[in-house]
Amino acid sequence: MYTQSFNVPDSPGLKAVPLAPSTENPELQAHFDSKIDADGKIEPQDWMPEAYRKTLVRQISQHAHSEIVGMLPEGNWISRAPSLKRKAILIAKVQDEGGHGLYLYSAAETLGTSREQMLDGLHSGRAKYSSIFNYPTLTWADMGVIGWLVDGAAIMNQIPLCRCSYGPYARAMVRVCKEESFHQRQGYEALLVMMQGTEEQRAMVRDAVNRWWWKCLAMFGPPDADSPNSAQGMRWGIKRISNDDLRQKFVDATVPQAKVLGVTLPDPDLKWNEERQHYDYGQIDWDEFWATVNGDGPCNKERLATRVKAHNDGQWVRDAALAYARKQQERTMKETA
Ligand code: FAQ
């Protein structure tokens, strides 16, 4: 549904930033720059500027945290799914999100940061994760809407990341996007079924769409003009399409889907602009977005406390796995001695 060709042109406006001159090693820097300019891939063993490494660790670890915190709003509904079929689908989806977190932590580890460091950043509240997971899931219709809109927005943002300049991140994203595509379709299908059901079910879907629509538009990040990381991220080939351009693509793709579903998106300013060949849409509440990103959303505290508890409760599993690995290593060393 959201498939974008991998050769969609990059956002033009943000590519003009010159590469920052390196004080580290001009020769290696020149080699790095030429690889980026030729749209090549940077691999873990390659030299890279420290700022590039830091930016990637920031973005990939935030992305990983989003995937695992993102398991929580839907995880809450596994025990309340309306049928065995829906329960099996939801369990599979939530497990997939956990898997995405693991690929992404592994990709970030190739940049020299440890999983412990990243998790410490999350658990202490220093690291960010996507704003969208700080909202509550009030009814079963929220499961469908998360699949349709949240996964839909995630795919729109992540397809260009399959072409990201850092090899391990780009490769991880290919599989992630395939799985997100299934997530999006299962959500949309669940909503289609509800819309063909009772009036009560239709009302539930409309209410969920109304609550999630604007939050999903904010997922793409601040407007380009207020996005401190975009220009450099685009120059390095990490980001390929700007926050605003992705948001617009999402709106354009979603409006026809809403029509098929039979729901109205909660925006009186949403209308087709013949001249721009895009939908115009209304103002996003950026104050609410920043309050949520900075820890004051409706569920921030609950989400973080749940993650910290899960981590602490799992300590014995990590201890046991390490003890087992040590034992295996000692045995191998004895056998080879
Ligand atoms: N929430 O300068 P920019 C999913 C922060 S995965 C929180 O534009 P950048 C799957 C940003 O980090 C969803 N913070 O930053 C799923 C930066 O702060 P910093 C996650 C946000 O990096 C579905 C500051 O604002 N996807 O949904 C948000 O160039 C269902 C300034 O922003 C990814 O992480 C936000 N929405 O662009 C799972 C994709 N937006 O770090 C379960 C990878 C911005 O300077 C269930 N990430 N900020 O302190 C990206 O593509 C980029 O990092 C952006 C932000 C586009 C998110």
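Atoms within a ligand are numbered from 1 in the order they appear, just like the ligands themselves.
The aromatic rings of W212 and Y135 sit perpendicular to each other, their planes meeting at more than 60°, with 30° as the lower class boundary.
In terms of N/O distances under 3.5 Å, ligand 1 is not approached by S66. The shortest N or O to N or O distance between K128 and ligand 1 is under 3.5 Å. Of the N or O atoms in Q62, one or more lie within a sub-3.5 Å distance of an N or O in ligand 1.
Between H65 and L119 the shortest heavy-atom distance is CE1-N, 4.4 Å. The nearest pair of heavy atoms linking K93 to Q186 is CD-NE2, 3.5 Å. Residue A107 comes nearest to I60 through the heavy atom pair CB-CG2, 4.3 Å, listed as atom of the first residue, atom of the second, then distance.
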Under the side chain to side chain donor-acceptor pair (under 3.5 Å) rule, what do H183 and E180 come out as? Steps first, then yes or no, please. CA-CA 5 Å; H183 298 167; E180 299 290 25; 2.9 Å; yes
As a quick check of understanding, evaluate salt bridge (Lys or Arg N to Asp or Glu O under 4.0 Å) for R175 and E179, giving each step before the final call. CA-CA 6 Å; R175 177 157 173 186; E179 291 175 352; 3.2 Å; yes
Side chain to side chain contact (heavy atoms under 4.5 Å, CB included) between Y52 and Y166, worked out: CA-CA 10 Å; Y52 177 81; Y166 187 57; 3.5 Å; yes
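Protein heavy atom nearest atom 40 (N) of ligand 1, with residue, atom name and distance: G221 CA, 3.2 Å. Nearest to atom 24 (C) of ligand 1 among the protein's heavy atoms is W290 CH2, 3.9 Å. For atom 23 (C) of ligand 1, the nearest non-hydrogen atom of the protein is D151 OD1, 3.4 Å. In terms of protein heavy-atom proximity, atom 4 (C) of ligand 1 is closest to A154 CB, 3.7 Å.
Only side-chain heavy atoms of K93 come within less than 4.0 Å of ligand 1; its backbone N, CA, C and O stay farther off. Residue-level proximity to ligand 1 for F289 is carried by the side chain, the only part with a heavy atom below 4.0 angstrom. Here E180 has side-chain heavy atoms under 4.0 Å from ligand 1, and that is the only part of it that gets that close. The part of Q59 lying near ligand 1 is the side chain, judged by heavy-atom distances below 4.0 Å. Counting heavy atoms under 4.0 Å from ligand 1, residue R58 touches it through the side chain alone. Counting heavy atoms closer than 4.0 Å to ligand 1, residue E74 contributes side-chain atoms (C-beta onward) but none from N, CA, C or O. Contacts between N229 and ligand 1, counted as non-hydrogen atom pairs separated by less than 4.0 Å, involve both the backbone and the side chain. When non-hydrogen atoms are compared, ligand 1 lies under 4.0 Å from the backbone of P228 as well as from its side chain. Only side-chain heavy atoms of F133 come within less than 4.0 Å of ligand 1; its backbone N, CA, C and O stay farther off. Contacts of N243 with ligand 1, taken as heavy-atom pairs under 4.0 Å, involve the side chain alone.
Electrostatic pairing of E330 and K327 does not count as a salt bridge here, judged by no charged N lying under 4.0 Å from a carboxylate O. At a threshold of 4.0 Å, the pair E335-R331 does not count as salt-bridged, since none of the basic side-chain nitrogens sits closer than that to a carboxylate oxygen. Residues R185 and D151 are not paired through a salt bridge, judged by the lack of any N-O separation under 4.0 Å between the basic side chain and the carboxylate. With respect to R247 and D224, no salt bridge is recorded, no charged nitrogen being found less than 4.0 Å from a carboxylate O. Under the 4.0 Å criterion applied to side-chain N and carboxylate O atoms, R211 and D142 are assigned as salt-bridge partners. Between D245 and K249, no side-chain nitrogen of the basic residue sits less than 4.0 Å from a carboxylate oxygen of the acidic one, so the salt-bridge criterion is not met.
Put simply, part of A218 is less than 4.0 Å from ligand 1, judged by heavy atoms. Contact between Q158 and ligand 1 is present, with at least one heavy atom of the residue lying under 4.0 Å from the ligand.
Here atom 1 (N) of ligand 1 lies nearest to S131 when heavy atoms of S131, S242, G187 are compared. With N157, V69, T55 as candidates, the residue nearest to atom 51 (O) of ligand 1 on a non-hydrogen basis is N157.
Applying the 4.0 Å criterion to heavy atoms of G70 picks out, from ligand 1, the atoms 42 (C), 46 (C). Set against the non-hydrogen atoms of F220, the atoms of ligand 1 under 4.0 Å away are 56 (C). The distance from ligand 1 to the heavy atoms of S227 drops below 4.0 Å at these ligand atoms: 2 (O), 3 (P), 8 (O). Taking a cut-off of under 4.0 Å to the non-hydrogen atoms of Y129, the atoms of ligand 1 that pass are 1 (N), 7 (C). Close contacts between ligand 1 and K239 involve ligand atoms 8 (O), 9 (P), 29 (O), 37 (O) [criterion: under 4.0 Å to a heavy atom]. Near E97, with a cut-off below 4.0 Å to any heavy atom, the atoms of ligand 1 are 16 (C), 23 (C), 30 (C), 38 (C), 42 (C), 46 (C). For ligand 1, the atoms lying closer than 4.0 Å to a non-hydrogen atom of S130 are 1 (N), 7 (C), 13 (C), 20 (C), 36 (N). Applying the 4.0 Å criterion to heavy atoms of M219 picks out, from ligand 1, the atoms 27 (O), 36 (N).
Side-chain contact between E67 and Y103 is absent, with no heavy-atom pair separated by less than 4.5 Å. For the pair K239 and S227, the minimum side-chain heavy-atom distance is below 4.5 Å. A 4.5 Å side-chain heavy-atom check between R235 and I36 finds at least one atom pair inside the cut-off.
In the model, W214 has no side-chain atom that pairs as donor or acceptor with a side-chain atom of D285 under 3.5 Å.
Distances from atom 33 (C) of ligand 1 to the protein include at least one heavy-atom value under 4.0 Å.
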